[in-house]
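All remarks here apply to the structure that follows.
Nothing here was measured: the structure is a model prediction, and the numbers come from that model. Counting from 1, the numbers follow the sequence of the chain as shown.
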Amino acid sequence: EGCLIGQWVQLPIPQDHLQAILNSIGIGQACEEYFITDSETDILDISIDEYASLSELNELASKIEELADSDYTRLAAVLEWESPLAVAGVIEIIENLDSYDLLPDVEDDEALGEYFGVECGVFDVVPEHLRYYIDYERYGRDIRMEVDMCFTSYGAVIRN
């Protein structure tokens, strides 16, 4: 009692290995509680509470590991927008990541208007010589006001 014993754990880890680590530092025997003093991730800037659930963190690490490489940036953008306060919120976002679209080159209303007008073909019916008169910024602003979206440092995120 009165001394701190710690162990660095790389997640995800099988539950029986995690339990063995906890047993090795006395959790469940002499002590009943633990706290997290440090954490690292190369993927996300997630704030981890010192009393976060190890099983939830393990689940989160497992879900992140299962993501396709192309989904990391989308996840980072969604987390920047949604700013979940708990690990469970991040897990929920990962489970519903298909509910979000990321437009990585869209950083403002004008780019949003150009994306929908040109890339999505909305203005294909407008003769070429009249396209110079289109106000893409205003068009993009109108779209932004109609859809559930946010500009992030990764591009525009749209909830579909």
Side-chain angles (χ1 to χ4, degrees), residues 7-18 21 34-160:
Q7 178 81 30
W8 188 259
V9 178
Q10 174 100 20
L11 300 177
I13 187 172
Q15 188 61 37
D16 58 333
H17 289 110
L18 181 58
I21 291 170
Y34 62 86
F35 64 95
I36 299 168
T37 59
D38 192 16
S39 62
E40 291 180 9
T41 178
D42 294 334
I43 302 168
L44 307 167
D45 184 26
I46 299 173
S47 177
I48 297 174
D49 181 77
E50 64 183 352
Y51 298 108
S53 162
L54 286 176
S55 61
E56 273 189 345
L57 288 172
N58 203 29
E59 180 184 356
L60 173 60
S62 179
K63 290 190 177 297
I64 289 172
E65 194 174 71
E66 293 170 2
L67 287 175
D69 290 341
S70 60
D71 287 333
Y72 290 129
T73 305
R74 181 168 41 148
L75 176 59
V78 172
L79 291 176
E80 184 178 311
W81 177 21
E82 299 287 2
S83 302
L85 298 176
V87 173
V90 178
I91 292 171
E92 184 178 338
I93 287 172
I94 291 173
E95 290 173 346
N96 296 295
L97 199 55
D98 289 340
S99 300
Y100 301 90
D101 293 320
L102 175 63
L103 309 176
D105 297 325
V106 177
E107 299 173 349
D108 56 23
D109 287 343
E110 183 174 4
L112 184 65
E114 284 184 46
Y115 175 81
F116 278 97
V118 177
E119 299 297 322
C120 294
V122 172
F123 295 140
D124 285 353
V125 296
V126 176
E128 187 72 36
H129 68 280
L130 295 177
R131 290 185 190 174
Y132 298 106
Y133 298 101
I134 296 173
D135 187 341
Y136 290 108
E137 184 176 6
R138 285 183 133 178
Y139 180 58
R141 185 202 64 216
D142 290 350
I143 291 171
R144 179 176 43 85
M145 295 172 85
E146 293 294 322
V147 299
D148 191 8
M149 65 155 295
C150 179
F151 293 116
T152 71
S153 59
Y154 300 94
V157 178
I158 300 174
R159 189 184 334 259
N160 54 29

Positive for salt bridge (charged side-chain N to carboxylate O under 4.0 Å, His left out) with R159, one of D98, D148, D101 = D148
Between E59 (side chain) and I91 (backbone), is there a donor-acceptor pair under 3.5 Å?
-> no
Approximate separation, where rounding is to 0.5 Å, of F123 CZ and Y139 OH | 5.0 Å
Approximate separation, where rounding is to 0.5 Å, of D38 CG and I48 CD1 = 9.5 Å
With a cut-off of 6.0 Å (strictly less than), are more than 12 heavy atoms of other residues, nucleotides or ligands near CG of L130?
-> yes
Can you check whether A86's main-chain N or O pairs, donor with acceptor, with D49's side chain at less than 3.5 Å?
-> no
If you round to the nearest 0.5 Å, how far is CG of D71 from OH of Y100?
-> 13.5 Å
Does some side-chain heavy atom of V118 sit less than 4.5 Å from a side-chain heavy atom of Y136?
-> yes
Shortest non-hydrogen separation from Y154 to E80 and the atoms involved | CE1-OE1, 3.3 Å
Check whether any side-chain heavy atom of L60 lies under 4.5 Å from a side-chain heavy atom of L11, and answer yes or no.
-> no
Point-to-point distance, once rounded to the nearest 0.5 Å, from CG of L79 to CD1 of I93 | 5.0 Å
E128 bridged to R131 by N-O distance under 4.0 Å | yes
Roughly how far, to the nearest 0.5 Å, is CG of L112 from CD1 of I143?
-> 5.0 Å
Whether over 12 other heavy atoms sit under 6.0 Å from E95 CD = yes
Considering non-hydrogen atoms only, spot the tightest contact between P12 and A61 and give its length.
-> N-CB, 3.5 Å
Minimal non-hydrogen separation, Y34 against L54, with atom names | OH-N, 3.1 Å
Any idea which heavy atoms bring E92 and N96 closest together, and the distance?
-> O-ND2, 2.8 Å
Between L57 and A52, the two heavy atoms sitting closest are CD1-CB, 4.0 Å
Please collect all side chain to side chain donor-acceptor pair (under 3.5 Å) contacts where either partner lies in residues 103-113, sequence neighbours excluded, each pair once.
-> D109-R144
Taking atom CZ of F151 as the centre, does the number of heavy atoms from other residues, nucleotides or ligands within less than 6.0 Å exceed 12?
-> yes
Distance from E114 atom CD to I134 atom CD1, nearest 0.5 Å?
-> 10.0 Å
For Q10, does the CD atom sit with more than 12 other heavy atoms under 6.0 Å from it, leaving out its own atoms?
-> no
Locate the shortest heavy-atom distance separating F116 from L103; write the atom from each residue and the value.
-> CE1-CD1, 4.5 Å
